[in-house]
Protein chains: 2
Amino acid sequence: MPELPAFDVMTATCPSRTSLARVANKWTAMVVIALSADRMRFRDLRATVDGISSKVLTETLRDLERDGIVTRHVYAEVPPRVEYELTALGRTLHAPIHALGSWAEDHISEVLAARESYDARQCP
Amino acid sequence: MPELPAFDVMTATCPSRTSLARVANKWTAMVVIALSADRMRFRDLRATVDGISSKVLTETLRDLERDGIVTRHVYAEVPPRVEYELTALGRTLHAPIHALGSWAEDHISEVLAARESYDARQCP
DNA sequence: CCGAATCCGTGACGATACTG
DNA sequence: CAGTATCGTCACGGATTCGG
């Protein structure tokens, strides 16, 4: 008797799976973490999420906007200024994603140790 | 005064980022959720994580094994039997990833509504 | 028969250059 | 400054074959 609720996300036809796919994504996670402090403009976001390309950041933000997780504020100025912020829905993501980020930092030493011993076991 | 701890995962050179990348991944999330009930053999895992190919499941499990999140039990039988289970480290992932899965299911209707209104706004 | 390796196409990613 | 366009590369994912 598997006591788990058997999560619908596991079935390929379930729409909630597309939602999981969006959220269980490294760029999404980092963007949401960055925006959880407060709204940010594109350039600062690009600097904070170190290593992301302009193109991929744009695509990530578009997808998040489409899913109702961030909103896009365009200011008709020169130079142009565009700011992004989490929606109410996006803020509900803060806790789960923050937990994931904390996990990554808290357990990185164990992960690195596991990798080292695994690699040592594989190619001697 | 950004009160956030400024998460090292955001910097490209930080090792914890590789850990986040592994964990913030849709297949990883689904496999960990599946294994959180109890250990499972390959074939059942493949059936539970609906839509994953044999190859991708193998690779995902190898990566998780390398990172010390699952262990692999091979039984020298015929037909062959290979079982996977979460390590102690892997079980610490259960809560964060389960939270993500719950989020996906709890908010899917909002996400779908957002998508619909976004698409309606874009291509009239 | 089950688990996994091989081959191969597609699509995502990243770098660069260019426009409003 | 905030994107878009184009292109080369490569990892992901699917179909098939191998191995035990």
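Bear in mind that the values here come from a model prediction, so they are computed numbers and not experimental data.
- Residue pairs meeting the side-chain hydrogen bond (donor to acceptor under 3.5 Å, both in side chains) criterion with at least one member in residues 68-87 of chain A, sequence neighbours excluded, are A:Arg39-A:His73, A:Arg39-A:Tyr75, A:Arg39-A:Glu83, A:Arg39-A:Glu85, A:Thr71-A:His73, A:Arg72-A:Tyr84, A:His73-A:Glu85, A:Glu77-A:Arg81, A:Arg81-A:Glu83.
- Where DNA chain C meets chain A (any atom under 4.0 Å from a heavy atom), the bounding nucleotides read 5' to 3' are C:dC13 to C:dG20.
- Looking at residues two or more places apart in sequence or on another chain, you find a side-chain contact (heavy atoms from CB on, under 4.5 Å) between B:Asp106 and B:Ser102.
- For the pair B:Tyr84 and A:Gly51, nearest-nucleotide mapping onto DNA chain C gives the more 5' position to B:Tyr84.
- Looking only at side-chain heavy atoms (C-beta outward), A:Val31 and A:Leu57 come within less than 4.5 Å of each other.
- Every residue two or more places apart in sequence or in another chain was checked for a ring pair (Phe, Tyr, Trp, His ring centres under 6.0 Å) with B:Trp27, and none qualifies.
- A donor-acceptor pair is defined here as one N or O able to donate and one able to accept, closer than 3.5 Å; no such pair exists between the side chain of B:Arg91 and the backbone of B:Ser36.
- Every residue was checked against the side-chain contact (heavy atoms from CB on, under 4.5 Å) condition with A:Ser109, not counting sequence neighbours, and none meets it.
- Contacts with DNA chain C (heavy atom under 4.0 Å) in residues 56-83 of chain A: A:Val56, A:Pro80, listed by number.
- The closest side-chain heavy-atom distance from A:Leu61 to A:Leu45 is below 4.5 Å.
- For the OP1/OP2 pair of D:dC12 and a distance below 4.0 Å, the side-chain nitrogens and oxygens of B:Trp27 include no atom meeting the criterion.
- Applying the side-chain hydrogen bond (donor to acceptor under 3.5 Å, both in side chains) test to residues at least two apart or on different chains, the pairs with a partner in residues 48-66 of chain A are A:Arg66-B:Asp119.
- Residues of residues 38-49 of chain A that place a heavy atom closer than 4.0 Å to DNA chain D, in numerical order, are A:Arg41, A:Phe42, A:Arg43.
- Remark: A:Asp38 pairs with no residue by the side-chain contact (heavy atoms from CB on, under 4.5 Å) rule, at least two apart or across chains.
- Every residue two or more places apart in sequence or in another chain was checked for a side-chain contact (heavy atoms from CB on, under 4.5 Å) with A:Pro80, and none qualifies.
- Put simply, the side chain of B:Val111 reaches to within 4.5 Å of the side chain of B:Arg115, judged on heavy atoms.
- Take A:Arg22 and apply the side chain to side chain donor-acceptor pair (under 3.5 Å) test, not counting sequence neighbours, and it matches A:Asp67.
- Overall bending of the helix from C:dC1-D:dG20 to C:dG20-D:dC1, expressed as the angle between end axes built from five pairs apiece, is 30° (10° steps).
- Of the possible donor and acceptor atoms, one in the side chain of A:Glu105 sits under 3.5 Å from a partner among the backbone N and O of B:Val9.
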